[in-house]
Amino acid sequence: MTLPPLLDDAIVLRAHVDDWRAAVREAGRALVRSGSTRSEYADRMIAVIEEFGAYVVIAPGLALAHARPGPDVLHEGLSVVTLDEPVPFGHPHNDPVHVVVGLAVSNAEEHVASVARLANAFNDSGIVGRIANAESADEVRALLGFDRAAGA
Amino acid sequence: MKIVAVCGVGIGTSAILKVNAERALDRLGLSADVDASDLASIAVAAADAQVILTSTELAGAVRAAIGRSFAEIIEVSNYFDVEEIGAKLETSLG
């Protein structure tokens, strides 16, 4: 399968948000702008955290916002939002969050390649800080191992 | 040997945990089937599993869901820390 591209529209740098819900909404808006989801998907990403807690904060400073596949997912996509000031999600070890990655998949099987790509990039323990400080969308793509225009 | 990685919705976080658990097992020279599951199907998925990997946040819900399963629940803080996952798996399986 091809990996989803990480378009400029899907990357938001130094967003200012008041709380974790607003941070997840930024990631949701970026998925909408890049054509991956409809706006309701952001509500579902928030609902996952309300239901199950802040387990989506899977590493120090990093939240992987996501929800189940659904009709509001138009095609698989990723978004990356960096925050100018980190916000707590309520995680016992990994708060506060500097970087939110939004993930949308249209079926549970197809996302394995993009997740493996993320796992490769984030296995470097310094990467969350470097993405948080990135100055451009190109820098974010380079840090995550995405090609410039084609996405992957 | 079977290991199940669990998250709330069964995509995304559990898949990352699965990928990195497989890496950790590789480094330890151990082989096991690692499946990803959501909370709703964990009771079935864990029926023949030795180990369940999940986050601290979800461990209580997993414990409640699996009832009397013999599977050991391992709580992972940093899903990208293959050393943390490996050390916890080694303690559990060794």
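Both B:Met1 and B:Val34 belong to a single network of hydrophobic side chains, linked directly or stepwise wherever heavy atoms of I, L, V, M, F, W or Y lie under 4.5 Å apart. Linking Ile, Leu, Val, Met, Phe, Trp and Tyr residues whenever their side-chain heavy atoms come within less than 4.5 Å leaves B:Val82 and A:Leu62 in two separate clusters. By the rule that hydrophobic residues join a cluster once side-chain heavy atoms approach within less than 4.5 Å of another member, A:Val73 and A:Met45 end up as members of one cluster. By the rule that hydrophobic residues join a cluster once side-chain heavy atoms approach within less than 4.5 Å of another member, A:Leu74 and A:Leu31 end up as members of separate clusters. In the hydrophobic clustering of this structure, B:Ile74 groups with B:Leu93; members are Ile, Leu, Val, Met, Phe, Trp, Tyr whose side-chain heavy atoms approach within less than 4.5 Å, directly or through other members.
In this structure, B:Glu83 CD and A:Asn123 CG are separated by 10.5 Å, a value rounded to the nearest 0.5 Å. Atom-to-atom distance recorded for A:His93:NE2 and B:Glu57:CD is 8.5 Å, nearest 0.5 angstrom. Note that CZ of B:Phe80 and CD1 of A:Ile127 are 9.5 Å apart. Values are rounded to the nearest 0.5 Å. Within the model, atoms CD1 of A:Ile58 and OG of B:Ser14 stand 10.5 Å from one another, a figure rounded to the nearest 0.5 Å.
Contact annotation for residues 47-56 of chain B against chain A (heavy-atom separation below 4.5 Å, listed by residue number): B:Ser55, B:Thr56.
Of the listed residues (A:Ala67, A:Gly90, A:Pro69, A:Ala54), the greatest number of heavy-atom pairs within a distance under 4.5 Å of chain B belongs to A:Ala54. The residue among B:Asp38, B:Ile16, B:Val19, B:Leu58 with the most heavy atom pairs within less than 4.5 Å of chain A is B:Leu58. For the set A:Asp124, A:Asn120, A:Val101, A:Val48, the count of heavy-atom pairs under 4.5 angstrom toward chain B peaks at A:Asn120.
Heavy atoms of B:Leu39 lying under 4.5 Å from chain A belong exclusively to its side chain. Looking at B:Ala61, there are no atoms closer than 4.5 Å to chain A (heavy atoms on both sides), in backbone or side chain.
Counting all heavy atoms, side chain and backbone alike, A:Leu103 lies closest to B:Gly12 at CD2-CA, 3.7 Å.
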- [ ] Verify side chain to side chain contact (heavy atoms under 4.5 Å, CB included) between B:Ile11 and A:Arg68, making sure each step is shown before the conclusion.
- [x] CA-CA 7 Å; B:Ile11 66 145; A:Arg68 287 190 170 85; 6.0 Å; no
- [ ] Applying side chain to side chain contact (heavy atoms under 4.5 Å, CB included), run through B:Val9 and A:Arg44 and close with a yes or a no.
- [x] CA-CA 11 Å; B:Val9 298; A:Arg44 296 206 295 118; over 6 Å; no
Open item on the list: Under the criterion side chain to side chain contact (heavy atoms under 4.5 Å, CB included), I'd like the reasoning laid out for A:Tyr55 against B:Cys7: C-alpha separation, chi angles, the key distance, then a yes or no.
Closed with: CA-CA 8 Å; A:Tyr55 82 92; B:Cys7 79; 3.4 Å; yes
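A donor-acceptor pair shorter than 3.5 Å cannot be found between the side chains of A:Asn94 and B:Asn78.
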